[in-house]
Protein chains: 2
Amino acid sequence: MVARYERIADELRDEILTGVHPVGAQLPSEAELAERHRAARGTVRQAVAVLVAEGLVGSRQGARRIVLGNARSQSFAELHSFAQWARANGYRFEGQVIRQHRRPPSAAEAARLGPQEVLDVLRLRSLEGEPVLLERTAYAHWIAPAVEALPPECESVTEALYDSAGLVFAYGEHLIDAVSAGAQDARLLGVRRGSPLLRQRRATTTYEGRPVECSDDRYRAGSVAFSIRNSLGANSLVRRAGDLHFGA
Amino acid sequence: MVARYERIADELRDEILTGVHPVGAQLPSEAELAERHRAARGTVRQAVAVLVAEGLVGSRQGARRIVLGNARSQSFAELHSFAQWARANGYRFEGQVIRQHRRPPSAAEAARLGPQEVLDVLRLRSLEGEPVLLERTAYAHWIAPAVEALPPECESVTEALYDSAGLVFAYGEHLIDAVSAGAQDARLLGVRRGSPLLRQRRATTTYEGRPVECSDDRYRAGSVAFSIRNSLGANSLVRRAGDLHFGA
DNA sequence: TAAGGGAACTTGTACAAACAAGCGAGCCCT
DNA sequence: AGGGCTCGCTTGTTTGTACAAGTTCCCTTA
């Protein structure tokens, strides 16, 4: 059962994406949309709130809402899972475990995942036949057995863990910066040592807030970019000081 | 006049940040919060929705809400304006225009800003005395005079343009990736040619959706990172294919 | 002609009520 | 002891109403 406001949001998003409401144009008023869909104004407001949160629509008191963009914004899953993102965009991709072993957690990992041993996995992923992403992931102790049971060439770890252990990645925190390729990075990604990599460090938890993994993912420069739309009202991406001068 | 739900949100956020509700703990139920603040349930829902959007709180049907994090998330302005971000975080910073001239727009710029001449500004910014950020910004024709009127060592362009022209940057689209430093980048930022830079390309518009600027900002590696919190429900940061194989 | 003052429209905030849906704990039965 | 079930609690969805606040545009007035 899909909620009413979601169906209205889907329909509106579709109209934006197909150009019925081009970029810069005004959206119908809430009253108009409410009548068209035979819904209460509150329901319509929830629907457009979805589009505002996606950055497709701009909204301010007193003025009609306007269309800001017409690019589909992807889901949490696609941000979180390389495989789901690549599949949703129709890319050819592979994955391969290079190394996998248990070890004591680092200080930073212990703070997030707890003091028990973590499962350290080094995974190389390729897009359109070329190596693109190197993942260094530390899995929490309690999920380690399920990860070890996966085949080394497993396409989507996220989906496999859901199927085998019922695990759902629900919340994530991501830190994005640029680093230069180390010796191992360079060898596995097929770039020169010192060449730029886009790094995404992330920590994810289950619905209950239980920590699942910490990861250091490094993308070959030029292979992927992260995109965000924001507005004065609300945004969640923030700039943070790195550790150049500030020792964090 | 601050909205009721915002005051409730502020109070709740404060309780989370000060540890009254530690990470992993349950938040009071909506009914409880409603009674405590003598507000309707809907108003309380609006308040917690703010915190959910900030990534501080996780929410799912049937279960009590839980605290996910306790780091303050910054505002749109701080993401958009280097000066406002640096000031809010108590850093020492400077800015200096290196070069400034009018020129015809590139194809990409013309698509966003229109066919008229743009004002191209090259600006170097430093943090704690070290050069950290190189901004290459193209301002739309209509705002160019106001930008040219600014002093070359202007600290905050965003604020100066608000004061002088009443300009408000309201919506932005950002694309984040890693590139290697070119000759000019290297010289001005004081790094070796080819060393990694974190690049943020952005396009911003006014409230009315009128394009203001396109910019290519390059941060020295290690100086800043971008941070995002997201959840299965909603997120706006997405991964995008770069132009390595896909010619975008 | 230009400035000023509304009036109509549109979005934002707040309240109240009802039902749906999911979670968790405790209870009962085997 | 363990498994299954029910019941109460909690969050999600929807409707309706009322007023506040900001925008837009037209019309009046100087």
Taken to the nearest whole Å, CG/B:Leu33 to P/D:dT10 is 11 Å

Tell me whether the rings of B:Tyr219 and B:Phe82 are parallel (<30°), tilted (30 to 60°) or perpendicular (>60°).
tilted

Atom CD of B:Glu208 and atom P of D:dG22 are separated, to the nearest Å, by 16 Å

With B for base contact, S for sugar-phosphate-only contact and - for none (protein heavy atoms under 4.0 Å), nucleotides 10-20 of chain C reads BBBBSB--B-B

The salt bridge (charged side-chain N to carboxylate O under 4.0 Å, His left out) partners of A:Glu135 (sequence neighbours excluded) come to A:Arg123, A:Arg125

Problem set entry | Carboxylate-amine/guanidinium contact A:Arg13 A:Asp10, below 4.0 Å | yes

Next item on the list: Kindly check if the number of other-residue, nucleotide or ligand heavy atoms within 6.0 Å of CD (B:Glu35) is above 12?
Entry: no

Less than 3.5 Å apart, which donor and acceptor atoms pair up between the side chains of residues 154-162 of chain B and the rest of the protein, not counting sequence neighbours?
residue: B:Ser156; atom: OG; partner: B:Glu159; partner atom: N; Å: 3.2
residue: B:Glu159; atom: OE1; partner: B:Arg87; partner atom: NH1; Å: 3.4
residue: B:Glu159; atom: OE2; partner: B:Arg87; partner atom: NH1; Å: 2.9

